[in-house]
There are 2 protein chains.
Amino acid sequence: MDTSKSNRAASGAAYSVHGLKAEDLAAIGRLPLFCDLPPAILADMTAEASVTKYQRNEIIFHQGDIPTALRVVLDGQVGLTGTVTDGGETMVEILKAGEMFIAAAVLTEKPFLMSAVALQTARILSLPGDRFRRDVRESPDIAFLMLASMAKHFSMLVREVKDLKLKSAAQRLALYLLGLTAKREGSTIVRLPHSKSVIAARVGVRPETLSRAFAHLRERGVAVDGHAVAIADIPALRVYCHEGEEII
Amino acid sequence: MDTSKSNRAASGAAYSVHGLKAEDLAAIGRLPLFCDLPPAILADMTAEASVTKYQRNEIIFHQGDIPTALRVVLDGQVGLTGTVTDGGETMVEILKAGEMFIAAAVLTEKPFLMSAVALQTARILSLPGDRFRRDVRESPDIAFLMLASMAKHFSMLVREVKDLKLKSAAQRLALYLLGLTAKREGSTIVRLPHSKSVIAARVGVRPETLSRAFAHLRERGVAVDGHAVAIADIPALRVYCHEGEEII
DNA sequence: GCAAAGACATGACGCCGGTCAAATCACCCA
DNA sequence: TGGGTGATTTGACCGGCGTCATGTCTTTGC
């Protein structure tokens, strides 16, 4: 395992052998994902882990690759994109710090259905697959952690399928904007965390269509100025895109 | 509390006590989902289970309800549909015998994002949520089972998101048809397991559009006659809809 | 300061799929 | 057997979104 030092990817450099700096380990322990885990188990789980840094737009892995490690975003942002030979490409999910990804692929040892790319400079924790699968089998705590995480992402995907099938581009954009703020009353100003073309891919439209979607939302009290977006009436926007109407 | 469960495990009499017919339990044990589970654990897991029969088109639960039990399809077919106040409705997934569903909602105790309806007369196994959540925490076997099941459904959803964003209605229909057969060479005849309107909802289009999609596929060697569909050239159809091209 | 490049907005146009309406077909039941 | 009801098909039409092209603004490098 100590060979990890020599086989660092051309992209990003792995840290040392048992690799984790104390500060990284501490940071991991503070993640919502792991903070409920008993320290001993956390230490065990991360014993073979490593941290890699990726530059903006750097590919973390390609669709079709066989997974080797569970990944966790420590810093930055990661986009998961699916591709079809046609030339089509779409962003299925954007991950923020503290989220794990590709658990399903690592558990089933099936090829990735998506590629991962760093949308901003990102530090990624890698938990080697063999050890991870063993840990999951042996530790109910870890298994439950994984279940909780997968259940959450599962729900997000279900929501996404419904939105794609049932809502317009402008409604999906409104949902995305509302997802950027915790406020559910009055008005607010949010800052777009990505370029518009990345947001377009996330919303599932072309950049041109995103522009027009913003134009539509203008008459519903959404003003755009560069990366700053002002929402005049949050409840009205929520009604417009049917946010939180799972409870019919 | 653990003593009682291991005692009950071996005894056939205990099954009927808790209301599960012996034949049902036998059938459950044969499901791919559960067949790897040690019999003792299976017996424990199903100790408070019950079996309910639903008629065709009967609602099993509504979107927005709070989940009370994990469900498993023993017989028949179940559709999961999402609704938006607009009036829009879409089928997110169709479940066959042997598949569990709503594990994510039961684990997180969040309201259902979808409604479930019996597409055919169906027998559904219900595993009460409290006990199920406890079992998952205490038994690594059960937790791992759930993880495997959720990982599988997760992958299916990812695929669905990609297909919705990147493929045409006719391509999605072709994917659906190919999913009805295990053959990957030559030609075949498949039987549609649902009405065309259910298939339309599953593919994510209106029934009218499904008709037209079938018409498109006609010139690619797909002949429809009632519920029988003849596929003249399976590989050609696979190329058309980019099936199995996750490995780019 | 200026040129080149990229991000974004906007217009023109076409296609896909939704909607509405009508016709045909299948099946059920009196 | 005949009517009735629902499923499916087909046509006409429209709107949303993709595509291509152009224009503007900002950024970057010299």
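The structure displayed is predicted, hence computed values, not measured ones. So you know, we letter chains A, B, ... as the sequences are listed, proteins then strands, and number each from 1. Heavy atoms only: backbone and side chains are in, while hydrogens, waters and symmetry mates are out.
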Checklist line | Separation of D:dT9 C1' from B:Arg212 CZ (nearest whole Å) | finding: 8 Å
Notebook entry, point to check: Separation of A:His216 atom NE2 from C:dT10 atom C1', in whole Å?
Noted result: 13 Å
Margin query: How close do A:Glu160 and A:Met91 get, counting heavy atoms only, and between which atoms?
Written below: OE2-O, 4.3 Å
Note to self: Expressed as a whole number of angstroms, how long is the span from A:Asn57:CG to C:dG6:P?
What the structure shows: 13 Å
Next item on the list: Considering just the side-chain nitrogens and oxygens of B:Thr209, establish if one lies under 4.0 Å of OP1 or OP2 belonging to C:dG18.
Entry: yes
Extract all donor-acceptor atom pairs below 3.5 Å that involve side chains of residues 148-158 of chain A and protein atoms in other chains or at least two apart in sequence.
residue, atom, partner, partner atom, Å
A:Lys152, NZ, A:Glu99, OE2, 3.4
A:His153, ND1, A:Glu93, OE2, 2.7
A:Ser155, OG, A:Ala151, O, 3.1

Note to self: In this structure, how many angstroms lie between the P atom of D:dC20 and the CD atom of A:Glu208, rounded?
What the structure shows: 10 Å
Check: Tell me: CG of B:Leu210 to P of C:dG18, nearest whole Å?
Finding: 10 Å
Margin query: Could you tell me how far apart B:Ile199 (CD1) and D:dA7 (P) are, to the nearest whole angstrom?
Written below: 14 Å
Margin query: With a 4.0 Å limit, can you tell me whether B:Ser197 has a side-chain N or O closer than that to the phosphate oxygens OP1/OP2 of D:dT8?
Written below: yes
Next item on the list: Establish, with yes or no, whether the OP1 or OP2 oxygen of D:dA7 is under 4.0 angstrom from a side-chain nitrogen or oxygen of B:Ser195.
Entry: no
Review item, side-chain donor-acceptor pairs of residues 70-78 of chain B, under 3.5 Å, at least two apart:
residue, atom, partner, partner atom, Å
B:Arg71, NH1, B:Tyr54, OH, 3.2
B:Arg71, NH1, B:Ser126, OG, 3.4
B:Asp75, OD2, B:Arg123, NH1, 2.5
B:Gln77, OE1, B:Gln120, NE2, 3.2
B:Gln77, OE1, B:His194, ND1, 3.0

Checklist line | Option from B:Val222, B:Leu180, B:Thr181 for which side-chain contact (heavy atoms from CB on, under 4.5 Å) with B:Val229 holds | finding: B:Val222
Note to self: Measure CZ/B:Arg206 against C1'/C:dG18 and give the value in whole Å, please.
What the structure shows: 7 Å
Check: Would a 4.5 Å heavy-atom cut-off, applied to side chains only, mark B:Leu31 and B:Met100 as touching?
Finding: no
Check: Which residues, if any, of residues 219-228 of chain A bring a heavy atom under 4.0 Å of DNA chain C?
Finding: A:His227
Margin query: Tell me if the NZ atom of A:Lys96 is crowded by more than 12 foreign heavy atoms within 6.0 Å.
Written below: no
Check: Are B:Glu58 and B:Lys53 close enough, and set up right, to give a salt bridge (Lys or Arg N to Asp or Glu O under 4.0 Å), and what steps lead you there?
Finding: CA-CA 10 Å; B:Glu58 203 174 340; B:Lys53 191 167 186 174; over 6 Å; no
Next item on the list: Can you tell me the distance, in whole Å, between the CG atom of A:Leu166 and the C1' atom of C:dG18?
Entry: 13 Å
Note to self: If you only use heavy atoms from C-beta on, which nucleotide in C:dC20, D:dC20, C:dG17 is closest to the side chain of B:Ser168?
What the structure shows: C:dG17
